[in-house]
Amino acid sequence: MTTSQRQASAVQAAAARLSLVAEGDDVLVGNPATATFVAVPAVGGVVLSALVEGHSVAEAATVAFEHSQVEVDVEDFLATLEEAGILVYEEGPALSGQVRWVSGVPSWLARPLFGKVAWFCYGLAFLFVIVAFAAEPALRPSFEDYLFVPDPMLSIICAYAMSVVIMIAHESWHWLAGRAIDVPARFRLSYRGIFPAAETDLSLLLTRPRRQRYGPMLAGPAFDVSLLALAIGLRWAYFDLGLPLSDVLARLLGALILMSVANLVLQCAVFLRTDLYAVLACALHCDNLYRISWLTMKERLLPVSAEESAELDSASARDRAVARWFSVLYLVGMFGVFWFLLNYLLPAAAGGFSWMVRDILSLSTGSPTFWEAVVVALLTAASNLAPIPLALRERRLRRLGRLS
Amino acid sequence: MNAVLLRRLGWWLVTAGLMCAVVAVAVKQQLPRLTGSAVGSSLASQRSEPCLPGTAVAILKSPHLSVAALRKVHYNSIPPTSGPHFAIPPTPGIYDAPLQPGAFVHAEEHGHVVIAYAPSLPAAQVSVLKDIAKAHPRDVLMTPYPPLPQGLALAAWGRLERFDQADRPGVERFIVALAGRYDHRWVGPPRC
């Protein structure tokens, strides 16, 4: 059915479901239900706004001409948006393959955590961390802080459990920040290079102006910094002011400091699609930098498929320009990850795994240590192997067009 | 050869160069570690250094062993000052439950001092030791040690000193003199 054959009210209703955000000379048009977005010239935004205001297709063309002195084939423009999956005439459930967007917490409840006062406090927490590390070297993290209970295997299990709790809290902070501006999110398991990772998909931030996107993007690191400042403050008071904490809690705080610092350092690896990558891409006015950078580097090294070539051609000029240098950063960063894998991850995993296997083979099932070894071996295997199925799953979803 | 192929060849050269560099660095760094993991730490010669607190204890071979294997190990001192241990060291701090020798020997190998006390040591003296441990948060592990019949012992890598009670100056002297003296090898020149 062509646009001219549709009722004007159906076209207007479909246009009203779209988000329009000014992006320099363009307008980012999106369908929040399917999380698909496309940048169009500003006059396209004028056309859609006119339709939303109740103008017919012919009237919208006139409004666009009066605004930009440009003849717009509105029917063709709307057909293109429909083909791209942006303009959807049937209102109903999300398209197949879409995961439920999570809301739940009302925005007024989340807003105080991400207001100006809150961000001032996050900034103060960051300053406190810097000052504390400079003033008291004993507070700085050491890899030894990882094992904080007497039983070494129980320590490893506790550290795994703590890292999962911290990861959930980190992602929840992203989600809450999204809720504060009425942007829903969805959670999924993903990977960052060789590391498994939880991910809060905030694609619908693209329905908001860029300056509103930074809060939800930085919310996770803000949580990490706050947790770090709290742990440092308590540990400092325990050492120097005699704060009556239990000794095991004091050591646990050391582990918390180590994990929080590791999380924040990892955030700086923007080539691993971290939160700071999202901030960087937003600040550079890019829409799909990671994918375009990957394709750019692939095109430099190997022949690309016709589909990939078309994807590169349809990328925004900004994405392509930034991808020229970001793809080099990506390549070098990935070799850094490879170096980390060879130097630390594989030896640690192999050493730990052989340690556990020797205990499993030589202890009876009646020994608690036997079961601790089983749990640690499973955790070690899962955390090291998880990125493989996760990467294969994302590749399959991307081929099905269900992941951008 | 056309321009696209030439450009692609250039990128291949850059990528291959990076790959070689990463593998070369990894091999250089990992070979000693892998060897060490297979045969244990190399046996460092003892430094007697009579001017230091405590007495020297012969240094044992110190491979990484599993929990099960470590149950059969016999050390040459109470508490041990070297020998087989777990692959991962415990964090410095105050432990109310006994640390296993396999754990704290690895801490000694990293240059930390272990304050091991008999469970019968009076609470007031344990409190004095805790204050000292808190003043050296990165250097000291403090743990009850049931094999000690009485008093306390300070252990560093290849060095041991016993006290009948918590002698604050003596304990402080041992920590200051011996913390950081060894970290998988002797650190710095002899101290005497």
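Note that the coordinates shown come from a computational prediction; the quantities given were computed from them, not determined experimentally. Proteins get letters first, then strands, A, B, ... in listed order; numbering begins at 1 in each.
When each of A:L331, A:L301, A:V328, A:D145 is scored by its heavy-atom pairs under 4.5 Å with chain B, the top score falls to A:L301. Per-residue heavy-atom pair counts under 4.5 Å with chain B were compared for A:L342, A:V332, A:L346, and the maximum is reached by A:L342. Your options are B:T143, B:D131, B:V4, B:L65, and the one with the most heavy-atom pairs under 4.5 Å with chain A is B:L65. The residue among B:M142, B:H136, B:M19, B:R7 with the most heavy atom pairs within less than 4.5 Å of chain A is B:M19.
In this structure, no portion of A:F370 lies under 4.5 Å from any heavy atom of chain B. With a threshold of 4.5 angstrom between heavy atoms, A:S155 does not approach chain B through any atom at all. For B:P92, the parts lying near chain A are the backbone and the side chain together; criterion is any non-hydrogen pair under 4.5 Å. For A:I156, the part lying under 4.5 angstrom from a heavy atom of chain B is the side chain only. Residue contact with chain B, scored on non-hydrogen atoms closer than 4.5 Å, involves the backbone and the side chain of A:A138 alike. Contact annotation for A:R140: only backbone heavy atoms (N, CA, C, O) come within less than 4.5 Å of a heavy atom of chain B. With a 4.5 Å cut-off on non-hydrogen atoms, A:S142 touches chain B through its backbone and its side chain both.
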Using the side-chain contact (heavy atoms from CB on, under 4.5 Å) rule, take B:R71 and A:T369 through it: C-alpha gap first, then chi angles, then the decisive distance, then the call. CA-CA 12 Å; B:R71 286 180 183 166; A:T369 309; 3.1 Å; yes
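Using a distance-only test at 3.5 Å, with no hydrogens or angles considered, no donor-acceptor pair links the side chain of A:W355 to the main chain of B:A87. A donor-acceptor distance shorter than 3.5 angstrom exists from the side chain of B:R8 to the backbone of A:E299, with no hydrogens or angles considered.
Residues B:P90 and A:F148 form no side-chain contact, since every pair of their non-hydrogen atoms from C-beta on lies 4.5 Å or further apart. Looking only at side-chain heavy atoms (C-beta outward), B:V25 and A:W339 come within less than 4.5 Å of each other. Here the side chains of A:F338 and B:V23 are in contact, with some heavy-atom distance below 4.5 Å. Two residues are said to be in side-chain contact when any heavy atoms from C-beta on lie closer than 4.5 Å; B:Q100 and A:P150 fail this criterion. The closest side-chain heavy-atom distance from A:D247 to B:Y95 is not below 4.5 Å. Inter-residue side-chain proximity for A:L302 and B:W12 is flagged as met; some heavy-atom pair is nearer than 4.5 Å. A:P152 places none of its side-chain heavy atoms less than 4.5 Å from the side chain of B:I88.
Environment of CZ in A:F195: crowded, with over 12 heavy atoms of neighbouring residues, nucleotides or ligands closer than 6.0 Å. Atom CG of B:D164 is surrounded by 12 or fewer heavy atoms from other residues, nucleotides or ligands within 6.0 Å.
Rounding to the nearest 0.5 Å gives a distance of 10.0 Å between CG of A:L147 and CZ of B:F86. Atom CZ of residue B:R138 and atom CZ of residue A:F239 lie 7.0 Å apart, to the nearest 0.5 angstrom. Rounding to the nearest 0.5 Å places CZ of A:R300 at 15.0 Å from CG of B:L9.
Here the shortest heavy-atom pairing between B:V22 and A:F335 reads CG2-O, 3.7 Å. Of all non-hydrogen atoms in B:G93 and A:R251, the two that sit nearest each other are CA-CD, 4.3 Å.
No salt bridge links A:D240 with B:K134; every basic N to acidic carboxylate O contact stays at or beyond 4.0 Å.
Within residues 356-367 of chain A, the residues that have a heavy atom under 4.5 Å from a heavy atom of chain B are A:R358, A:D359, A:S362, A:L363, A:S367, listed by number.
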